[in-house]
Amino acid sequence: MHHGPRRRSVLLAGTAGLATAAGLTSTAAAAPARTTPVAPPPPALIPRPRTLEMTGGRPFEITAHTAVAVRHRAPEARRTAEYLATWLRRATGHAVPVVAFGTAPHAITLAGDDETPSAEGYRLDVTHGGVLLRATEPAGLFHATQTLRQLLPAAAESATPQASPWTIAPLHIEDAPRFPWRGAMLDVARHFFTAEEVKRYVDILAMYKINRLHLHLSDSQGWRLEIKSWPRLATYGGSTEVGGGTGGYFTQREYADIVRHAAERHIMVIPEIDMPAHVNAAKASYAELACDGVAPPLYTGETGIPVSLCIDKDITYRFIGDVLGELADLTPGPYLHIGGDEALATPPEDYRTFIGRVRQTVHGLGKQMIGWEEVGLAEIASGTVVQFWADAKKAQGALAQGAELVLSPSKKAYFDMKYDADTPYGHDWAGYTDVQDGYTWDPATYIPGVGEDQVLGAESALWTERVKTFDEVQYMTLPRLPGLAEIGWSPVDGRTWEEYRVRLATHAPRWSGLGWQYHRSVEVPWGDPVTR
Ligand code: IFG
């Protein structure tokens with residue numbers, strides 16, 4: 001961070017003081033060699049904002065007199081102001097009160113912005129006299145606070161007061177996302193992760209303006225959400241995981257807590273109950289779900305196993321109605337993800353019948369259906385969201401029915417893919433995905449014949465058959481997630497790996513300061529080894 005003018009003025013004052021004490025004439029002492037102030041380097045923001053202009057002049061400094069002021073029609077803005085003030089207090093040690101607009105001379109102000117209506121956009125102005133965050137919607141204000149966070153040194157992430165000068169070079173930013181959907185999927189079924197760990201994951205997403213958390217809540221190896229009308233799904237179906245560990249599940253209270261934590265950071269939770277395949281945990285829990293009435297044993301293996309719900313049994317649809325009904329009540333977001341992937345044990349005609357019935361259940365609950373690309377093989381309503389992961393033909397078929405696409409290409413955005421041959425965790429069936437590989441693609445050109453206006457955005461997917469601990473989850477996520485966030489948010493023109501990798505390297509001290517694990521890929525110029 002550039003300290004030019006402020007430090008120079010302090011130096012000058014110091015020098016003059018010393019010079020006067022030494023009896024030197026003030027003119028001689030006060031006229032050091034004139035150096036033209038070096039323009040501060042543009043800050044290393046990720047995702048890169050739409051416009052950024054360094055406006056010069058003396059920096060803004062957070063001091064004991066700095067307050068956070070708020071003036072916005074939405075009551076939500078006050079909570080964002082409190083979030084920002086709380087964050088600033090920790091590392092600066094200053095009081096940083098939240099005050100009403102106009103009452104503090106030296107303030108960081110969160111305000112409305114009638115000029116640039118946008119769901120998530122914002123404008124950010126830094127001058128010597130103050131900082132102004134403007135946005136029409138609270139989500140835009142929140143994104144502006146994440147940008148402000150990155151304008152301060154990494155020491156600002158510390159949980160205890162640091163001495164760093166808290167200065168920001170004057171600038172003007174106008175910003176808004178290219179795609180509305182920037183997501184991250186976490187598979188909590190193959191290995192279970194606690195609500196606390198999921199909330200930490202949400203904190204990583206928030207730093208990079210990701211706005212969707214897709215939770216893969218059920219699979220053959222585990223059922224991870226309490227369903228009151230079918231209690232054994234969680235108590236028995238959630239009692240183990242890949243490798244035979246104790247597994248676990250979210251009570252409905254814990255799931256609601258995850259939803260709240262995410263909503264405060266303007267992240268929508270999208271729950272997935274995978275069907276008709278990937279259902280061994282459910283069938284093991286209730287024999288009546290099995291076609292032959294015999295519950296299979298719990299499954300703790302790594303590979304997918306051929307299994308299907310019994311398409312022509314009525315109880316199957318009562319089960320689905322009950323489960324999705326409780327899930328809908330717990331999920332404020334508009335989407336229910338019904339999976340639909342890899343239905344190898346479901347005959348194609350049965351699959352089409354099944355997806356048709358589930359679609360009606362989802363719509364009956366007032367929700368929109370989202371499914372993996374295979375749901376395009378069935379009749380889906382226009383407006384269904386289809387998540388592309390491997391087969392362009394299936395995705396194009398879904399588009400032909402009026403679906404909208406979210407891109408999770410397994411060769412680019414599957415964070416269970418190893419970085420390289422030395423990565424101790426994860427898979428390699430889609431090939432290695434190192435940081436550069438995961439960054440060099442574009443959602444508007446990735447699938448032949450599918451352009452910008454048919455794509456809602458991009459989403460990473462972290463499957464956890466071979467990712468056991470939350471440290472491993474962080475290691476597989478960082479440093480690839482910031483790249484996916486930039487792909488989803490920033491303008492594509494001018495976006496290059498050569499320029500991005502330098503910005504990315506400067507974020508490592510932030511992750512270290514927060515105790516987040518990450519992979520120090522040889523592709524990134526990390527600089528001097530930081531204590532990790
Ligand atoms: N494909 C399966 C996942 C997971 C993945 C691991 C999808 C949609 C392979 N389905 O990806 O359950 O096993 O990379």
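As the structure is a computational prediction, the values presented were derived from the model and not from experiment. Note that ligands are numbered from 1 as they come in the structure, with each ligand's atoms numbered from 1 the same way.
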The side-chain hydrogen bond (donor to acceptor under 3.5 Å, both in side chains) partners of Arg200 (sequence neighbours excluded) come to Glu196, Asp203

By chain and number, the residues contacting ligand 1 below 4.0 angstrom (heavy atoms only) are Arg190, His278, Asp341, Glu342, Trp372, Trp389, Tyr414, Asp416, Met417, His427, Trp429, Trp463, Glu465

Glu379 side chain to Gln401 side chain, donor-acceptor N/O pair below 3.5 angstrom: no

>> Looking at Asp442 and Arg178, is any side-chain nitrogen of the basic one under 4.0 Å from a carboxylate oxygen of the acidic one?
In response: yes

Does Arg232 qualify as a cation-pi partner of Tyr236, given the criterion of NZ or CZ under 6.0 Å from the six-membered ring centre and within 45 degrees of its axis? yes

Task: SB check Lys199 Asp257 (cutoff 4.0 Å) - done: yes

Geometric cation-pi criterion Arg480 and Tyr419, 6.0 Å radius, 45° cone: yes

